[in-house]
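Notes to accompany the following structure.
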Amino acid sequence: MKIATYNVNGITARLPRLVEWLEETKPDIVCLQELKADDDKFPKAAIEAAGYGAVWHGQKGFNGVAILARDAEPVERQRGLADDPDDTHSRYIEADVNGLVVASIYLPNGNPQPGPKFDYKLKWMARLADRAAALLAEEVPTILAGDYNVIPKDEDTFSVRAMSTDALMQPESRAAFRTILNQGWTDAIRTRHPRGPVWTFWDYQAGAWPRDAGFRIDHLLLSPTVADRLVDAGVDKEYRGREKASDHAPTWAVIR
DNA sequence: ATGCCAAACGCTGTTTGA
């Protein structure tokens with residue numbers, strides 16, 4: 001079973017590319033981020049025509065997350081994170097899919113830092129950590145997949161210097177990510193590719209794609225019993241180079 | 001020190017965000 005996460009950077013603008021990728025790679029479960037579309041603008045019919053059921057948590061203009069399942073209907077079990085009733089951002093949705101609990105996560109970028117956006121990022125990560133711990137306590141097979149907007153280690157960026165003041169690799173961002181991992185989650189990509197560059201994002205700006213100046217911020221975190229079933233993981237890098245591509249590439253894991 | 005780019009919105013440019 002293949003589960004993928006894909007920050008589409010606008011599902012309306014990306015729909016032809018998304019459908020093409022679904023048809024060519026046939027993932028069983030897909031976590032989408034950055035729909036940039038309100039709930040009533042989600043392209044339900046096109047996704048259905050491609051063979052996928054879906055649940056989504058949209059928002060006008062930015063954010064927005066969804067979970068797709070091939071030949072199945074995901075059953076939503078939570079949207080949003082607890083402990084901040086004033087949080088209006090659509091960044092978290094969780095569903096039961098084929099015996100798995102799956103969450104699609106769009107973690108706040110946090111730039112510029114320091115500042116209120118960075119504070120929001122760190123608070124959001126603490127709330128995610130609480131949810132992640134609760135899910136582990138349920139002892140059901142779980143995958144937390146999405147755009148974490150965290151470069152976990154120096155080897156996860158083309159340039160430590162270029163990114164040194166960026167919110168994505170501040171020590172606080174990395175510590176918050178490690179706190180979640182250390183609960184007992186397994187980073188699927190790094191387990192299958194222990195060393196060296198694995199990029200999942202290339203900025204549109206400054207020729208990042210042609211000079212392969214990327215970083216690794218899209219992650220699939222596996223609960224222990226899912227980690228035991230991990231067979232492979234990778235990035236569909238080729239899709240980043242196509243016409244009208246997202247700035248992220250689909251990132252996936254195969255579970256036995 | 002700044003813009004590089006892209007999408008949405010709504011209108012021929014502005015805002016937002018990464």
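We use all heavy atoms of the structure for the numbers below, so side chains are in, but hydrogens, waters and symmetry mates are not. Throughout, a chain's letter reflects where its sequence line sits, starting with A, and its residues are numbered from 1.
Protein atom CD of A/Gln205 is 10 Å distant from nucleotide atom C1' of B/dG17, rounded to whole Å. Distance A/Glu34 CD to B/dA18 C1': 7 Å, rounded to the nearest Å. If you take CG of A/Leu35 and C1' of B/dA7, they are 13 Å apart, rounded to a whole angstrom. Between the NZ atom of A/Lys60 and the C1' atom of B/dG17 there is a distance of 17 Å, rounded to whole Å. Regarding A/Asp203, its CG atom lies at a distance of 10 Å from the P atom of B/dC5, rounded to whole Å. In this entry the distance linking CG of A/Asn63 with P of B/dC9 reads 13 Å, nearest Å. One atom, NE2 of A/His248, and another, P of B/dG17, lie 15 Å apart when rounded to the nearest Å. In this structure, A/Asn149 places its CG atom 8 Å from C1' of B/dA18, rounding to the nearest Å.
Contact between the side-chain N/O atoms of A/Lys117 and the OP1/OP2 oxygens of B/dG17 is found at a separation under 4.0 Å. Between A/Tyr106 and B/dA18 there is a side-chain polar atom (N or O) within less than 4.0 angstrom of OP1 or OP2. One finds a side-chain N or O of A/Arg14 lying less than 4.0 angstrom from the OP1 or OP2 phosphate oxygen of B/dA7.
Each of A/Ile3 and A/Ile189 belongs to its own hydrophobic cluster when Ile, Leu, Val, Met, Phe, Trp and Tyr are linked at side-chain heavy-atom distances under 4.5 angstrom.
Taking atom P in both B/dA1 and B/dT12, the straight-line distance is 35 Å, to the nearest Å. On the P atoms, B/dG10 is 22 Å away from B/dA6, given to the nearest whole Å. For the P atom pair drawn from B/dT2 and B/dG13, the interatomic distance equals 25 Å after rounding to whole Å.
The side chain of A/Lys36 lies closest to B/dA8, out of B/dA18, B/dA8, B/dC5. Residue A/Phe62 places its side chain closer to B/dG17 than to any other of B/dG17, B/dA6, B/dA18. Nearest nucleotide to the side chain of A/Asn9, out of B/dA6, B/dC4, B/dA18: B/dA6.
Within 4.0 Å (heavy atoms only), A/Asn111 reaches no atom of the nucleic acid at all. A/Ala206 comes within 4.0 angstrom of a nucleotide base, judged by non-hydrogen atoms across all strands.
A/Tyr239 and A/Glu24 form a side-chain donor-acceptor contact under 3.5 Å, judged by distance and modelled atom types alone.
With hydrogens and angles disregarded, no donor-acceptor distance shorter than 3.5 Å links the side chain of A/Asn63 to the backbone of A/Gln59.
In summary, of the residues considered (A/Leu168, A/Leu107, A/Thr251, A/Val150), a side chain to side chain contact (heavy atoms under 4.5 Å, CB included) with A/Ile217 occurs for A/Leu168 alone. For the side chain to side chain contact (heavy atoms under 4.5 Å, CB included) criterion with A/Gln33, the lone passing option out of A/Ser90, A/Ser104, A/Ser246 is A/Ser104.
In terms of position on DNA chain B, the residue among A/Tyr204 and A/Lys41 whose nearest nucleotide sits closer to the 5' end is A/Tyr204.
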